[in-house]
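In what follows, a single structure is set out as structure tokens and then discussed.
Here is how names work: the chains are called A, B, and so on, in the same order as the sequence lines, proteins then strands, and each is numbered from 1.
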Number of protein chains: 2
Amino acid sequence: MTARTSHDTAREIPEATVARLPVYLRALTTLSEVGTTICSSEDLAAAAGVNSAKLRKDLSYLGSYGTRGVGYDVDYLRYQIAREMGATRDWPVVIVGIGNLGHALANYSGFRSRGFRVVALLDADGQRHGEVVAGVVVRPFRDLRGIVREHGVAIGVIATPAASAQDVADQMVGAGITSILNFAPTVLNVGADVAVSKVDLSKELQVLAYHEQRKATQETA
Amino acid sequence: MTARTSHDTAREIPEATVARLPVYLRALTTLSEVGTTICSSEDLAAAAGVNSAKLRKDLSYLGSYGTRGVGYDVDYLRYQIAREMGATRDWPVVIVGIGNLGHALANYSGFRSRGFRVVALLDADGQRHGEVVAGVVVRPFRDLRGIVREHGVAIGVIATPAASAQDVADQMVGAGITSILNFAPTVLNVGADVAVSKVDLSKELQVLAYHEQRKATQETA
DNA sequence: AGGAGTTTGTGAACGCGAGAACAAAATCAC
DNA sequence: GTGATTTTGTTCTCGCGTTCACAAACTCCT
């Protein structure tokens with residue numbers, strides 16, 4: 001029970017490291033596509049845009065998948081990270097709110113290529129029902145519970161306006177969803193057993209504007 | 001030269017705080033809309049989804065805009081944060097790459113309402129030229145330099161495929177853009193004087209999948 | 001006016017993450 | 001086989017950010 005093998009996935013991986021693993025995965029895929037079979041931590045760090053010491057430490061949390069004096073086998077390391085991340089599995093996902101952003105997300109090829117399968121597009125607006133987006137038909141929001149049960153959906157994406165986001169989240173949790181990616185500009189209140197991640201499209205732009213503003217005011221000083 | 005007033009914007013604000021200011025701004029706007037004129041740090045922290053001590057410390061970097069025993073004047077604080085962030089200004093922005101995501105970004109009302117004005121939509125694909133998106137006509141990418149000069153654009157958004165992102169970034173920097181928001185899944189190499197912020201739509205989903213995976217493997221253990 | 005009750009602003013403690021530096025381990029040259 | 005070289009994995013240190021806890025300052029009630 002307490003025995004831990006080097007392949008045990010129950011080890012604690014720091015959140016900061018987890019957040020970078022997708023970046024490494026992407027960099028490894030790129031390296032693999034251009035025919036690179038072996039890479040050093042220096043190479044991979046450059047491709048991922050991080051410090052090489054940090055990269056090595058991050059990878060060490062997963063296990064020892066490199067060879068000293070040589071480097072990392074690109075495909076092998078990629079598989080190990082993908083397995084750890086759960087990217088070798090197929091994750092059914094529902095997207096709620098098929099406006100401009102919902103459309104873009106449904107069509108985003110990066111989801112499919114990383115193991116996410118959009119099993120349903122839902123919208124409360126009856127006018128959108130029946131429309132086919134990215135090969136999936138838009139259905140009424142009330143179908144959520146049935147779809148979640150049928151496909152075993154654990155992850156939901158909210159792309160609705162802010163006003164409806166909390167209600168959507170409540171219904172998602174009620175239907176059995178345990179992870180929510182929220183694109184609506186609202187703080188969601190959910191139980192502690194539900195993971196919520198938030199992406200704010202304008203937040204990053206505002207941070208950039210702040211630094212621009214600072215540059216400008218410092219020059220004039 | 002070295003004299004600093006309490007309104008001086010040259011004070012050093014930690015990056016972590018800067019990243020949260022847009023969240024506070026959004027929460028204050030919401031509070032204002034429902035008619036709240038005064039709020040405590042506890043109220044605002046709840047609305048923003050953070051710890052109240054952290055909120056107070058964050059605000060203290062801007063100055064003393066609250067009243068002990070009372071709280072914060074919602075509209076006054078909102079203005080102060082907006083001013084500090086540069087949100088009271090008008091920021092011209094160009095978006096390059098008018099695919100699904102570019103469409104969504106061009107139509108995103110959150111940009112306009114926060115002081116960002118999309119002055120141009122550019123795409124290398126001639127088939128898209130002339131199309132009108134969100135009231136703005138799509139123009140050839142080669143018009144970039146002229147547009148940047150004409151409108152004094154400092155911020156550019158990249159919504160192209162990964163393959164063209166680096167080239168677009170180079171051209172942006174050459175045209176005089178100093179802040180880039182990158183939605184393409186690539187690490188951009190730019191000079192140290194250019195600020196780059198990256199949003200990866202699938203990264204957050206992958207992190208959620210990781211935690212789902214962990215939950216699943218721990219239950220079976 | 002003065003005391004009780006609130007709430008801000010901040011000093012201090014703590015914990016996590018980043019990066020430098022080095023030991024361990026593999027290859028390569030001869 | 002042995003020493004030189006390369007590169008990983010890890011230890012150590014430092015700094016930043018978070019949180020606690022409390023003094024300062026304001027309002028309200030009597």
Could you tell me how far apart [X] ([atom1]) and [N] ([atom2]) are, to the nearest whole angstrom?
| X | N | atom1 | atom2 | value |
| --- | --- | --- | --- | --- |
| A:D58 | C:dA18 | CG | P | 7 Å |
| B:L21 | D:dG17 | CG | C1' | 15 Å |
| A:L77 | D:dT7 | CG | C1' | 14 Å |
| B:R20 | D:dG17 | CZ | C1' | 8 Å |
| B:K54 | C:dG11 | NZ | C1' | 19 Å |
| B:Y65 | D:dC26 | OH | P | 17 Å |
| B:E15 | D:dT18 | CD | P | 12 Å |
| A:Y61 | C:dC16 | OH | P | 11 Å |

Short N/O separations, protein against nucleotides 22-24 of chain D, under 3.5 angstrom:
residue	atom	partner	partner atom	Å
D:dA24	N3	B:R68	NH1	2.9

Check: In residues 29-46 of chain A, what residues come within less than 4.0 Å of DNA chain D, judged by heavy atoms?
Finding: A:S40, A:S41
Note to self: Just by distance, no angles: are the side chains of A:T178 and B:E212 close enough, under 3.5 Å, to form a donor-acceptor pair?
What the structure shows: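 Their side chains do contain a donor-acceptor pair, which is all the 3.5 Å distance test asks for.
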Margin query: Under a plain distance cut-off of 3.5 Å, with no hydrogens placed, do A:S40 and A:D43 share a side-chain donor-acceptor pair?
Written below: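 There is such a pair (donor and acceptor under 3.5 Å, judged by atom type) between the side chains of A:D43 and A:S40.
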Notebook entry, point to check: Does A:K57 or A:G66 map to a spot on DNA chain D nearer the 5' end, using the closest nucleotide for each?
Noted result: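 Its nucleotide being nearer the 5' end, the pick is A:G66.
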If you take all heavy atoms of [X] and [Y], which pair is closest and at what distance?
| X | Y | result |
| --- | --- | --- |
| A:N100 | B:A104 | O-CB, 3.6 Å |
| B:L208 | A:A195 | CD2-CB, 4.0 Å |
| A:P92 | A:V153 | O-CG1, 3.6 Å |

Checklist line | Residues, nucleotides or ligands: over 12 heavy atoms within 6.0 Å of A:R112 CZ | finding: no
Margin query: Tell me whether A:D73 contacts the main-chain N or O of A:L77 through its side chain, where contact means a donor paired with an acceptor under 3.5 Å.
Written below: no
Next item on the list: Sequence neighbours left out, what pairs pass side chain to side chain donor-acceptor pair (under 3.5 Å) with at least one residue falling in residues 14-24 of chain A?
Entry: A:E15-B:H211, A:T17-A:D58, A:R20-A:Y24, A:R20-A:D58, A:Y24-A:D58
Next item on the list: Starting from the 5' end of DNA chain C, give me the residue, B:Y72 or A:A53, whose nearest nucleotide shows up first.
Entry: B:Y72
Checklist line | First encountered from the 5' end of DNA chain C, between B:L59 and A:T67 | finding: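 The residue whose closest nucleotide sits nearer the 5' end is B:L59.
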Next item on the list: Verify the ring-centre separation between B:Y79 and B:Y76: is it less than 6.0 angstrom?
Entry: no
Next item on the list: Answer yes or no: does a side-chain N or O of A:N51 lie under 4.0 Å from OP1 or OP2 of C:dG17?
Entry: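 Negative; the distance criterion is not met.
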